[in-house]
Every structure is written in C-alpha cells, then in structure tokens.
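Here is the structure we will look at.
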Amino acid sequence: MNVTRSVVAIIAAAAIYLVPGAADAHPLHTTLTEVTVDRSRHTVRAVVRVFIDDLSAGMARQRGVAPSDSLDVRATMYIESSFAIADAAGKPVALRSCGVRKNHELLWVCVEGAVPGDIRALSIKNSLLCDVFSDQVNIVNLLAFGTGQSGRSVLFTKGDRAKPLF
Amino acid sequence: MNEIATYIHLGFRHIVDVEAMDHILFLVALAAIYRLRDVRSALGVVTAFTIGHSITLALAVTGVVRLPSALIEFLIPITIVATGIENLIASARQKEARGGWYRAVLAGVFGLVHGAGFANYLSALFVTRIALPLFGFNVGIELGQVLVLAAAAALLTAIDRVIGWSRLHSGSWPALRVRIVAVSLVVVAVASQWAVERRPW
C-alpha cells in the first residue's frame, strides 16, 4: 500500500505546519481581582493579581510613561487604564494606589477609592490585557468586608462592558 | 455568578481553547484507536487520565510536591509522542488495540504529567484559598474534555469515511489501521516538534 503510506506521510508533514504552534506551554491568561467594599466607611478596595510576564506584554503598549518610572508606577498606571469602578450614577470612582507587592511570578496591585451614594449600586469593568491576549479572562471576586470570604464572582473577557458588582 | 461557576468556566475554557492544542492533541492520540462501539474502553482510558492529572494537580497546588515548570512543559509533548508511538506499535503488531489494562495505566501516568502543567499556574494565582478554585477548575476541565472527545469522535468518524471513500485500505491495511497510523503519525510529528522547541537544555 505505497499510496496509503504516501498519503499518510504527506498528511503528517502538512500537519506540522498547519497545527497552531504550541511550542510555548499552553498559557492561561488570567487575572484575579479581589474587591472589598467597606459599607461603613463608603470605600472600595481592589487588589489585582496579575502575572508579571503578561503584564509586561501589556505595558509594552502603554503610552504616557516615562522611562524612569518604576515597575510599580507603570503597573498601577496600566491597571487604572483598564480597570474601573463606577458609582450608581455611572461616574468612575477615583482610584488611588494603595501599594504594589511582588509575589513570585505575580504582581499584586492595590487600588482604592471613596464611594459616594449607594454602595450596592457599584459597577465594575475589567478589560486588563484583553487587548493583548484573545483568551484573556479576568476574574473579579467580591469579598465580604472583614471576613475575606467570597461569594459573588464576575468574569470579564474581551469586549465585555461594565457589570454590576453586587 | 457564584465563585465555583467562575472556576468551572475557567477550566472549561482552558481546555476547549485552540491554544490548548497540546492537551487536545493528547486526547486525540488517546482516542485514535477507538471506534464508536468502543466507547466504554475509551471512557475507561480517559477516566484514568483524569484521575492522574487530578492527583498531581491537587498534590502540586497544595504544596505537597514541587514540580519544575520547564521540565513539565517538555514532558507534556513527550507523553503525546509516546501515546502516538504506542498506537503505531499496537497497530503494527496487529493486536487487539482497544483492549488491555496497560493503556489505562499509560493514560493515568501521563495524566500525572499533564496535571502538573496546570498546577504551577493555579498555586501562584490563588495562593492560600485554593480548594474551591482547584475543584471548580478540575470540574471545568473534565467537562471540556467531554466536548473535545465528542469532537474527536466526529473527526475520527469523518476520517474513516474519507478512507473508505478513497479506498486507501486493503486486506493487509484495514480501514481502522490506516486511520490509526495516519492520526498517530500526525500526532507524533506535531508533538515531536513541540518537544524539541520546549527542551529545557
């Protein structure tokens, strides 16, 4: 069956070029954000966990940063450009940095802000790295204040708009 | 949605994504020797694979074992190559390719390697609160595998039809053997290239 063997060989050779390259290990492009809302103080805090190599790919496209800016500053600027919390009126909550911490392969970036009005009407948008990776998934978990327990979770993928936090 | 649904979604998405070609190719290699009527044998082997990768995932994520990423990422395509070669050897020996406990053991051992591939990622991202993400992610992976296997069954059936239609088979090369050899050669060729490109040295 020379014909059979030839056909099989041609298919095998073609497959090397046709199958998508997976030379790099199959990555999961995911960020995890834990949001804590303090109802008594009317504040919201978000801690974004992002893989540093993914973040570097996103920051490579970043504009308006000075070469002298530190990783912490650039990371916070990048997060603030793609992550937003809005109040009941749809007005963005002004977020300020509350620290950056490196944890092995990840950077934990903390931002927080004061929320005027009904805190239960907050909405959130998280398009972090969606412009870089087509399979990017951003998880936002809402933690109950003071307990660290999570109940509600919101997922964001490319093209998603703002979603209610509660 | 609640948190568990999020992690199920994440695991499912991870497997069915075209970027997960290494995992998909391994499932295709496992499924390549089966016909639709062998579904019970196929499910047994895939279950062994699932048990294997669940064990490693749990051990690695909970910190019981530490696994070097570079080595694991190299070993994953090696398991795919080995499965493809095993398909070819069994086929060449004209053995009853669908039976045998060794294939389930092989799938289980190789599952240990594949599970380690997810482990570093999950343990880095979720740190201490790992139980729920681990469980949900695993459930999502299993659901994704069912979908991938259904797609693989459809693909293999289509290949069988092409082989039958083009009369590539003969008395000494029955249609199933032609299919096993064709699919396994493709799998071995592609995964070999990945192994070379991921070599840790």
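Not measured: the values here are computed from a predicted model. Below, read A as the first sequence line, B as the second, and so on, with proteins coming before strands; counting in each chain starts at 1.
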Donor-acceptor contacts, no H, no angles, side chain residues 118-130 of chain A, under 3.5 Å, sequence neighbours left out:
{"residue": "A/Asp118", "atom": "OD1", "partner": "A/Arg120", "partner atom": "N", "Å": "2.9"}
{"residue": "A/Asn126", "atom": "OD1", "partner": "A/Leu128", "partner atom": "N", "Å": "3.1"}
{"residue": "A/Asn126", "atom": "OD1", "partner": "A/Asn138", "partner atom": "ND2", "Å": "3.4"}
{"residue": "A/Ser127", "atom": "OG", "partner": "A/Ser82", "partner atom": "O", "Å": "3.2"}

Minimum-distance pair of heavy atoms, taken over all atoms of B/Leu125 and A/Arg49: O-NH1, 2.8 Å

Of the backbone (N, CA, C, O) and the side chain (C-beta and beyond), which part of A/Thr157 lies under 4.5 Å from a heavy atom of chain B, both, or neither? side chain

Do A/Ile139 and B/Glu3 make a side-chain contact, defined as non-hydrogen atoms from C-beta onward lying under 4.5 Å apart? no

In terms of heavy-atom pairs under 4.5 Å with chain B, the winner among A/Asn103, A/Val50, A/Leu32, A/Val154 is A/Leu32

Could you tell me which non-hydrogen atom of A/Gln136 sits nearest to which non-hydrogen atom of B/Arg13, and how far apart they are? O-NH2, 4.1 Å

On a heavy-atom basis, which atom in A/Ser153 and which in B/Thr6 lie closest, and how many Å separate them? OG-OG1, 2.7 Å

Counting neighbours of CZ on B/Phe135 that are heavy atoms of other residues, nucleotides or ligands and sit closer than 6.0 Å, is the number greater than 12? no

Which atoms of B/Phe74 approach chain A - backbone, side chain, both or neither, heavy atom under 4.5 Å: neither

Within a reach of under 6.0 Å around NZ of A/Lys102, are more than 12 heavy atoms found that belong to other residues, nucleotides or ligands? no

Nearest 0.5 Å please: distance from the OH atom of B/Tyr7 over to the OG1 atom of A/Thr30. 10.5 Å

State whether the number of non-hydrogen atoms from other residues, nucleotides or ligands found under 6.0 Å of A/His104 atom NE2 is greater than 12. no

